[in-house]
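Report on the structure given below.
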Amino acid sequence: SVAFSPDGSQVVSGSHDKTVRVWNVTSEETIAGPFEGHNDCVTSVGFSPDGTQVVSGSHDKTVRVWNVASGEITDGPFEGHSNWVSSVAFSPDGTQVVSGSHDKTVRVVWNVASGQNIGRLFKDHSHWVTSVAFSPDGTQVASGSDDGTVRMWKVASEQSISGLFKGHSDSVTSVGFSPDGTHVVSGSHDKTVRVWNVASGQNIAGPFEGHSDCVTSVAFSPDGTQVVSGSHDKTVRVWNVASGEIIAGPFEGHSHHVTSVAFSPDGTQVVSGSYDNT
């Protein structure tokens with residue numbers, strides 16, 4: 001898993017070697033870490049909105065929050081999931097963390113300041129939860145699942161809203177909100193990318209076809225006009241949301257599956273992580 005810092009100067013990565021590292025984008029040097037504490041693969045990482053903390057989720061079933069400057073665990077391990085944690089994300093205000101798990105649940109349960117479980121448990125998926133994301137206003141969470149669906153949840157009420165987003169013919173691997181919060185993008189083992197209207201649950205763009213293997217990670221550009229996708233076909237592609245055309249890529253260079261992608265905050269760069277350890 002990889003993610004840019006809010007100012008675009010750093011990238012955080014989580015690895016099967018159980019560690020988290022922070023890199024300088026310009027120099028390509030490790031500037032913080034390895035952060036050690038997880039006792040199994042790190043599956044998901046993300047920066048806090050102010051860039052001072054990193055959240056990580058792991059196969060060890062825990063969520064941890066790290067201070068970037070010191071490398072110390074500032075919160076956690078947060079325990080509660082009964083299976084692997086597959087995806088984590090900070091809320092836009094940095095006070096909460098959402099986690100998705102192979103135990104089929106989504107939890108908005110972690111108050112970062114107190115480390116307390118605040119009790120939001122979403123459990124309507126019928127299979128593993130593979131990806132979670134907060135809406136830009138922090139009131140909703142999107143989740144993707146091995147059951148092939150995308151769901152929207154209201155954080156305050158634990159209610160599923162907009163119903164099931166159905167269209168993919170295989171597991172949903174990744175979800176992400178558009179910057180204005182009106183759309184969600186999803187990637188799937190069916191090799192496609194789709195864009196959904198949050199209010200209606202309708203598939204409004206896609207399926208975007210071009211990858212020759214599972215799509216593992218997707219994200220909107222900062223201006224909401226583009227989507228980046230990474231795949232087991234070892235490539236990264238950038239799509240125009242309106243036309244569905246590939247406008248950049250396929251970017252080739254990885255020698256193994258691409259597992260995670262993200263846009264830089266200014267939209268000019270894309271970071272990718274892979275099983276090739278780069």
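One-based numbering along the sequence shown. Scope of the values below: all heavy atoms of this structure, side chains included, with no hydrogens, waters or symmetry mates.
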Keeping S174 on the side-chain end and S217 on the backbone end, is there a donor-acceptor pair under 3.5 Å?
no
Check whether the side chains of W84 and T43 place a donor and an acceptor atom closer than 3.5 Å, and report yes or no.
no
Determine whether H183 and F220 make a side-chain contact, defined as any pair of heavy atoms from C-beta on separated by less than 4.5 Å.
yes
Does T30 reach the main-chain N or O of A32 with its side chain, forming a donor-acceptor pair under 3.5 Å?
no
Give, for atom CG of L164 and atom NE2 of H125, the distance between the pair rounded to the nearest 0.5 Å.
8.0 Å
To the nearest 0.5 angstrom, please state how far the NZ atom of K234 sits from the NE2 atom of H256.
7.5 Å
Checking T52 against N67 for the side-chain contact (heavy atoms from CB on, under 4.5 Å) test, could you report, in this order, the C-alpha distance in whole Å, the side-chain angles of both residues, the deciding distance, and whether it holds?
CA-CA 6 Å; T52 64; N67 180 290; 5.6 Å; no
Validation row: R107, V98 side chains within 4.5 angstrom (heavy atoms)
no
Give the minimum heavy-atom separation between V129 and S143, together with the two atoms involved.
CG1-CB, 4.3 Å
Student check: side-chain heavy atoms of V45 and V2 closer than 4.5 Å
no
Interatomic distance, CD@E72 vs CZ@R64, rounded to 0.5 Å, equals 12.5 Å
Tell me the closest heavy-atom pair linking S27 and N24, and the distance in Å.
N-OD1, 2.8 Å
Sort out for me which residue in N203, T149, D190 forms a side chain to side chain donor-acceptor pair (under 3.5 Å) with H168.
D190
Please step through side-chain contact (heavy atoms from CB on, under 4.5 Å) for the pair Q53 and V68, ending with a clear verdict.
CA-CA 5 Å; Q53 298 179 90; V68 173; 5.5 Å; no
With P136 via side-chain contact (heavy atoms from CB on, under 4.5 Å) - residues at least two apart
F177
When you measure from the side chain of S171 to the backbone N and O of G148, does any donor-acceptor pair fall under 3.5 Å?
no
Going hydrophobic residue to hydrophobic residue with side-chain gaps under 4.5 angstrom, can you get from V42 over to V65?
no
Ignoring hydrogens and angles, tell me if any N or O in the side chain of T192 forms a donor-acceptor pair with the backbone of P207 under 3.5 Å.
no
Quick one: ring pair (Phe, Tyr, Trp, His ring centres under 6.0 Å) partners of F208, sequence neighbours excluded?
W239
Quick one: are S145 and V172 in side-chain contact, heavy atoms under 4.5 Å?
no
For H257 and H232, take the angle between the two ring planes, folded into 0 to 90°, and tell me which bin it lands in: parallel under 30, tilted 30 to 60, perpendicular over 60.
parallel
To the nearest 0.5 Å, what is the distance between NZ on K154 and CZ on F122?
11.5 Å
Within one Ile-Leu-Val-Met-Phe-Trp-Tyr cluster: I247 and V215, side-chain cutoff 4.5 Å
no
Reported CZ-to-CZ distance for the pair R151 and F165, which is rounded to 0.5 angstrom:
10.5 Å
For a side-chain contact (heavy atoms from CB on, under 4.5 Å) check, start with the C-alpha distance between V184 and M152, then their side-chain angles and the critical distance, and finish with the verdict.
CA-CA 9 Å; V184 164; M152 295 293 309; 4.0 Å; yes
Evaluate the side-chain proximity of V12 to W23: yes if any heavy-atom separation is below 4.5 Å, no if none is.
no
Does the side chain of V63 come within less than 4.5 Å of E79's, by heavy atoms?
no
Output yes when a side-chain donor or acceptor of S87 lies under 3.5 Å from a complementary backbone atom of S131, and no otherwise.
no
With a 3.5 Å distance limit and no angle check, can you tell me whether S58 reaches the backbone of C41 through a side-chain donor-acceptor pair?
yes
Side-chain contact, heavy-atom cut-off 4.5 Å: V141 with V106?
yes
Interatomic spacing from NE2 in H38 to OG in S56 - rounded to 0.5 Å
2.5 Å
Is the backbone N or O of G57 less than 3.5 Å from a side-chain atom of S44, with the two atoms forming a donor-acceptor pair by type?
no
